[in-house]
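Position 1 is the first residue of the sequence, and the numbers go up from there. FYI, side chains are in, hydrogens and waters are out, and symmetry mates aren't considered; it's all heavy atoms of this structure.
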Amino acid sequence: MNCNNTIVIFGSGPSLSGLDLTRLSGFPVFILNYSLRILQDFPFTCTYYGSFDSNVVATLYPLIQSYVLSSDSPIQKYFVADSSLSFKDPFGSIVTCPCSALPPNPPFEGSPSLPFSAPFLHSGVNAAFNASLMGFTTIFLAGIDCSYSLSKSVDNADDLKSLSSSEASHSSLLNYWRPDYHRAGDAISSPLPSKLQFDEWYLLSKFLKSSPFCQVNIFNICDASPFDLFPRLTI
């Protein structure tokens, strides 16, 4: 397998607990959202970071900015939601992704390439979309479970919620692979229902069947993941 053409989209679902993370070494890994806080804990190199939720970007802004300014950061590109926040970007590593509709017809070979953007609501789908724009032809999904339920985390939540200490702990234990994923004060947007998450992945898969993306293949590498749209692959 050509690691140069393969990328791992690293989510945060419970199925990660059954994956040997050392097996991701050697692959470019695209981490998402609050996983940036545990960057130093990973036994692999994080090559890309993405947060397509402006509320998460606002919460993590000081941390994102510190990594962007560091010449020692392993992250090559930071894909962030379009917002009013401004980053100092001495290395040109920030990629602003405005919300936009998915093009009805992908460009053909030789036509102008698509700009990086966030045509979906689900972070993992946006990460996979932008990975395909970067030229990756094999996409591994790790911890993409499409099983997040807001009712498991907080009661009477609106579209935006700042988690209390107990809510952060409850959310982490039931929805994520690490009990410390969320912390008090974390801003979260109301997550998509599982069916809508599934539907967005399906729309992306249909989009990728068209030229010039028809060589892109997506695999789920977590055996414990309930998400079954894409073939399973053991690495």
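No hydrogens or angles considered: a donor-acceptor pair under 3.5 Å links the side chains of Ser100 and Ser117.
Contact between Ser83 and Ser54 at its shortest, heavy atoms only, is CB-CB, 4.1 Å. Taking every heavy atom of both residues into account, Thr234 and Asp223 meet most closely at OG1-OD1, 4.3 Å. In terms of heavy-atom proximity, Leu32 sits nearest to Gly11 at CD1-CA, 4.4 Å. Closest approach of Ser172 to Pro179, counting heavy atoms only: CB-O, 3.2 Å. When all heavy atoms are compared, the tightest approach of Val56 to Ala187 is CG2-O, 3.9 Å. Of all heavy-atom pairs spanning Ser132 and Phe213, the tightest one is O-CE2, 3.8 Å.
Atom CZ in Phe230 sits 10.0 Å away from atom CD1 in Ile144 (nearest 0.5 Å). Distance check, rounded to the nearest 0.5 Å: CZ of Phe120 to CG of Leu196 gives 11.0 Å. Atom OG of Ser12 sits about 8.5 Å away from atom CG of Asn175, to the nearest 0.5 Å. Between Leu208 atom CG and Leu204 atom CG the span is 4.0 Å, to the nearest 0.5 Å. Atom-to-atom distance recorded for Gln76:CD and Phe30:CZ is 11.5 Å, nearest 0.5 angstrom. Of the inter-residue distances, the one linking Ile221 atom CD1 with Ile235 atom CD1 reads 4.0 Å to the nearest 0.5 angstrom.
Although no hydrogens or angles enter the test, the distance criterion places no donor-acceptor pair under 3.5 Å between the side chain of Ser70 and the main chain of Ser66. With hydrogens and angles ignored, the 3.5 Å screen pairs no side-chain donor or acceptor of Thr137 with any backbone N or O of Gln215. With hydrogens and angles ignored, the 3.5 Å screen pairs a side-chain donor or acceptor of Gln65 with a backbone N or O of Lys88. Using a distance-only test at 3.5 Å, with no hydrogens or angles considered, no donor-acceptor pair links the side chain of Tyr49 to the main chain of Leu36. Put simply, the side chain of Asn5 never gets that close to the backbone of Phe136: no donor and acceptor are under 3.5 Å apart. With hydrogens and angles disregarded, a donor-acceptor distance shorter than 3.5 Å links the side chain of Thr59 to the backbone of Asn55. A donor-acceptor pair under 3.5 Å links the side-chain atoms of Arg232 to the main chain of Cys222, judged by distance alone. Under a 3.5 Å cut-off, the side chain of Glu200 and the backbone N or O of His122 do form a donor-acceptor pair.
Residues satisfying the side-chain contact (heavy atoms from CB on, under 4.5 Å) test with Pro74, not counting sequence neighbours, are Leu39, Thr45. When the salt bridge (Lys or Arg N to Asp or Glu O under 4.0 Å) test is applied to Asp180, the partners found at least two apart in sequence or on another chain are Arg178. For Ser165, the side-chain contact (heavy atoms from CB on, under 4.5 Å) partners at least two apart in sequence or on another chain are Ala184. When the ring pair (Phe, Tyr, Trp, His ring centres under 6.0 Å) test is applied to Phe198, the partners found at least two apart in sequence or on another chain are Phe227. In this view, Asp186 and Arg37, His182 satisfy the side chain to side chain donor-acceptor pair (under 3.5 Å) rule, not counting sequence neighbours. Asn217 meets the side-chain contact (heavy atoms from CB on, under 4.5 Å) test with Phe219; sequence neighbours excluded. With sequence neighbours excluded, the residues that form a side chain to side chain donor-acceptor pair (under 3.5 Å) with Ser123 are Asn33. In this view, Phe42 and Phe10, Phe44 satisfy the ring pair (Phe, Tyr, Trp, His ring centres under 6.0 Å) rule, not counting sequence neighbours. By the salt bridge (Lys or Arg N to Asp or Glu O under 4.0 Å) test, Lys206 is found to be paired with no residue, residues two or more places apart in sequence or in another chain being considered. Listed by chain and residue number, Leu173 satisfy the side-chain contact (heavy atoms from CB on, under 4.5 Å) test with Ser169 (two or more places apart in sequence, or in another chain).
Side-chain contact between Val57 and Leu85: present, with at least one pair of heavy atoms (C-beta onward) separated by less than 4.5 Å. The closest side-chain heavy-atom distance from Ile218 to Leu141 is below 4.5 Å. The shortest distance between side-chain heavy atoms of Val80 and Val95 does not fall below 4.5 Å. The closest side-chain heavy-atom distance from Ser73 to Tyr78 is below 4.5 Å. Side-chain contact between Tyr34 and Arg183 is absent, with no heavy-atom pair separated by less than 4.5 Å. Inter-residue side-chain proximity for Ile75 and Thr47 is flagged as unmet; no heavy-atom pair is nearer than 4.5 Å.
Just one of Ile7, Leu233, Val29 meets the side-chain contact (heavy atoms from CB on, under 4.5 Å) condition when paired with Phe140; it is Leu233.
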Would you list the atom pairs, donor with acceptor, under 3.5 Å between side chains in residues 14-22 and any protein atom, with sequence neighbours excluded?
residue, atom, partner, partner atom, Å
Ser15, OG, Asp145, OD1, 2.6
Ser15, OG, Asp145, OD2, 3.3
Ser17, OG, Pro14, O, 2.8
Asp20, OD1, Thr22, N, 3.1
Asp20, OD1, Thr22, OG1, 2.6
Asp20, OD2, Thr22, OG1, 3.2

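By the rule that hydrophobic residues join a cluster once side-chain heavy atoms approach within less than 4.5 Å of another member, Leu69 and Phe79 end up as members of separate clusters.
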Pair Leu229, Asn220 - check side-chain contact (heavy atoms from CB on, under 4.5 Å), show working. CA-CA 9 Å; Leu229 178 62; Asn220 191 336; over 6 Å; no

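Counting heavy atoms of neighbouring residues, nucleotides and ligands inside a 6.0 Å radius, atom CZ of Phe91 exceeds 12 of them.
Pairs engaging residues 52-74 under the ring-ring contact (aromatic ring centres under 6.0 Å, His included) rule: Tyr61-Phe87 [sequence neighbours left out].
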